[in-house]
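Below is one structure, written out as structure tokens, with a few remarks after it.
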Protein chains: 2
Amino acid sequence: MANLEAAPAAPPPSLLPPRATADGTHRRLLEEALALFGQWGFNGVSVREIAKASGIRASSVYGHLESKEQLLFQLAIVGHEEHHDALRHALLEAGAEPVDQITRLVRAHVWFHATYPLLARVCNRELNALGPESQERVMAVRHQSEQLILDVIERGIRLGAFDVPQPWLAYAAIGSMGIRVAEWWGQLDFSVDAVADAYADYAVRLLVGNR
Amino acid sequence: MANLEAAPAAPPPSLLPPRATADGTHRRLLEEALALFGQWGFNGVSVREIAKASGIRASSVYGHLESKEQLLFQLAIVGHEEHHDALRHALLEAGAEPVDQITRLVRAHVWFHATYPLLARVCNRELNALGPESQERVMAVRHQSEQLILDVIERGIRLGAFDVPQPWLAYAAIGSMGIRVAEWWGQLDFSVDAVADAYADYAVRLLVGNR
DNA sequence: CGCCGGGAAACTAACGGTCGTTCGGACGAT
DNA sequence: ATCGTCCGAACGACCGTTAGTTTCCCGGCG
């Protein structure tokens, strides 16, 4: 089932999805900040380092942004929205069959974490460096994505297609598999499709059980 | 299969496993550092904050430790060794049956991440704040644990008990489920046994397939 | 064409504060 | 008297951010 058109497009050369509309120096700052935050964490990187990587001085950063935290916030929002959209579009192309729905959801979930691993890492570990209101804005998107997956699982159980006693635990397990892809991606050379196919299969096995 | 003796013991009140032999102020420092690192990350916490939480001044920390990084190193080593021992003992009590082996491994894996979630978090996100040689010492333990699980999966495939084409991907998926428990533990009130049982079941389903 | 004003974007310098760590001395128990 | 522990003070480096200035391009006008 490794088709060529299910995922939005071929892997882009950029660390950021096309959704990030910033251009010029602003874009450059976002990309370099992402690379550095992804490796060293938000608090492990200084504004001066981000600026140097972008070819400007630290003070010039503030002509494009209000603060270092805003840099993280923009990355987190872009990442979460891209992920949420990927899930929504996956569901849109699925039929009414729970197995098909979960297969496409997991494939999209894995696709995101393998295509934008640095962005996914930042989204998953640096959120509590955000102020409370920024954090809530991001978490709102996150909860929507969670609900998308949870709804499919619960409906599948109701229809008798899935057989798990605790839907949320199954959601957590399936979500975890994909999230962690962003941590090891690049160290081994699987293709996105190979991992997406395998994990979608795992998810179905997990939900359907040995019958 | 929620028995009372498979896991090493009842959940301890401490954030650190009994394996951490440090006592007095040293122990206090380790525990407070763990609590702070677990929430804010290594670079998000200052030595002065750790000292204040431990009831001493920053300068007094250096009568017990050589550096802030050593604090992280000791936590990382203790965490990885506790995890590795949990896996080894789980295998020791398992029979030759791959399903039994993977069940006990996953239960131990989940037990660790649910019992010491802060320690697990630090072990999983802060490792690259370590110097190269400290990092290698920790990764050596980590690779042993990985091999423990991978061996069981590969043997299970060879014996025909498991049916997965790429053992490493199955390992990554199963490992991920457990690791992420440390991230959400405490927000919902599952018992350790409930999660361990569910995830062990998921792992078996994932490996055995729908036959 | 040369000249000018304006605005964006970069620069240097510096602010107050915090960082990890060191030093020398004081205290209390052995 | 010695040792382990803690303290206050301080070190140099670096932090995020601001202020003021320079550079440069570009459109309008003589």
Side-chain angles (χ1 to χ4, degrees), chain A residues 20-77 122 125-135, chain B residues 20-77 122 125-135:
Chain A
T21 55
D23 57 342
T25 304
H26 187 178
R27 169 88 184 202
R28 188 87 204 278
L29 284 168
L30 282 175
E31 300 234 27
E32 299 295 342
L34 174 54
L36 290 166
F37 290 168
Q39 167 131 51
W40 304 109
F42 179 74
N43 285 308
V45 178
S46 71
V47 173
R48 282 167 178 84
E49 288 171 318
I50 301 170
K52 170 170 277 187
S54 306
I56 60 176
R57 310 288 146 162
S59 57
S60 307
V61 168
Y62 293 85
H64 304 270
L65 296 157
E66 292 177 10
S67 66
K68 182 191 176 191
E69 182 187 322
Q70 197 185 88
L71 212 36
L72 175 59
F73 174 69
Q74 293 183 354
L75 290 172
I77 278 289
V122 168
R125 9 160 79 143
E126 309 295 342
L127 252 44
N128 52 9
L130 250 31
E133 77 299 336
S134 300
Q135 204 169 90
Chain B
T21 55
D23 58 342
T25 304
H26 187 179
R27 170 88 186 200
R28 189 87 202 277
L29 284 168
L30 282 175
E31 299 234 26
E32 299 295 343
L34 174 53
L36 290 166
F37 290 167
Q39 167 132 47
W40 304 110
F42 179 74
N43 285 307
V45 178
S46 70
V47 173
R48 284 170 177 82
E49 289 170 318
I50 301 170
K52 170 172 278 188
S54 306
I56 59 176
R57 311 290 146 167
S59 56
S60 307
V61 168
Y62 294 85
H64 304 270
L65 297 157
E66 292 176 8
S67 67
K68 183 192 178 190
E69 183 187 322
Q70 197 184 86
L71 212 36
L72 175 58
F73 174 69
Q74 293 182 353
L75 290 171
I77 277 289
V122 168
R125 10 162 76 143
E126 309 296 341
L127 252 43
N128 51 10
L130 252 30
E133 76 299 336
S134 300
Q135 204 170 88

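In the text below, chain A, chain B and the rest are named by the order of the sequence lines, each starting its count at 1. Here the structure is a predicted model, which means the values were calculated and not measured.
Judged by distance alone, with hydrogens and angles left aside, the side-chain atoms of R28(A) form no donor-acceptor pair with the main-chain N or O of A51(A) at under 3.5 Å. A distance-only check finds no donor-acceptor pair linking the side chain of K68(A) to the backbone of N43(A) [under 3.5 Å].
In this structure, CD of E49(B) is placed 11 Å from C1' of dC19(C), rounded to the nearest angstrom. Rounded to whole angstrom, the span from the OH atom of Y62(B) across to the C1' atom of dG4(D) amounts to 19 Å. Nucleotide dG20(C) holds its P atom 9 Å from the CZ atom of F37(B), rounded to whole Å. In this structure, E69(B) atom CD and dC19(C) atom C1' are separated by 15 Å, rounded to whole Å. Put simply, CG on N43(B) is 15 Å from P on dC14(D), counting in whole angstrom units. Regarding L29(B), its CG atom lies at a distance of 12 Å from the P atom of dT5(D), rounded to whole Å. The distance between atom CZ of R28(B) and atom C1' of dT5(D), rounded to the nearest whole Å, is 16 Å. Taking atom NZ of K68(A) as the reference point, atom P of dC15(D) lies 9 Å away to the nearest angstrom.
Within the 4.0 Å cut-off from OP1 or OP2 of dC15(D), at least one side-chain nitrogen or oxygen of S46(A) is found.
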Exercise for review: List the steps, then state whether side-chain contact (heavy atoms from CB on, under 4.5 Å) holds for I56(B) with T25(B).
Suggested key: CA-CA 9 Å; I56(B) 59 176; T25(B) 304; 4.0 Å; yes

Practice item. Carefully, step by step, assess L65(A) and L29(A) under the rule side-chain contact (heavy atoms from CB on, under 4.5 Å). Key: CA-CA 9 Å; L65(A) 296 157; L29(A) 284 168; 4.2 Å; yes

Review point. Under the side-chain contact (heavy atoms from CB on, under 4.5 Å) criterion, do L130(A) and F42(A) qualify, and how do the steps go?
Key: CA-CA 10 Å; L130(A) 250 31; F42(A) 179 74; over 6 Å; no

Return a table of donor-acceptor pairs under 3.5 angstrom between the side chains of residues 69-77 of chain A and protein atoms on other chains or two or more places apart.
unit_1: E69(A); atom_1: OE2; unit_2: G131(A); atom_2: N; d: 2.9
unit_1: Q70(A); atom_1: OE1; unit_2: Q74(A); atom_2: NE2; d: 3.4
unit_1: Q70(A); atom_1: NE2; unit_2: E66(A); atom_2: OE1; d: 3.3
unit_1: Q74(A); atom_1: OE1; unit_2: H26(A); atom_2: NE2; d: 2.9

Atom pairs, N/O to N/O, protein against nucleotides 5-14 of chain C, distance under 3.5 Å?
unit_1: dA10(C); atom_1: OP1; unit_2: T25(A); atom_2: OG1; d: 2.9
unit_1: dA10(C); atom_1: OP2; unit_2: H64(A); atom_2: NE2; d: 2.6
unit_1: dC11(C); atom_1: OP2; unit_2: R57(A); atom_2: N; d: 2.6
unit_1: dC11(C); atom_1: OP2; unit_2: S60(A); atom_2: OG; d: 3.1
unit_1: dT12(C); atom_1: O4; unit_2: S59(A); atom_2: OG; d: 2.6
unit_1: dA14(C); atom_1: N6; unit_2: R48(A); atom_2: NH2; d: 3.3

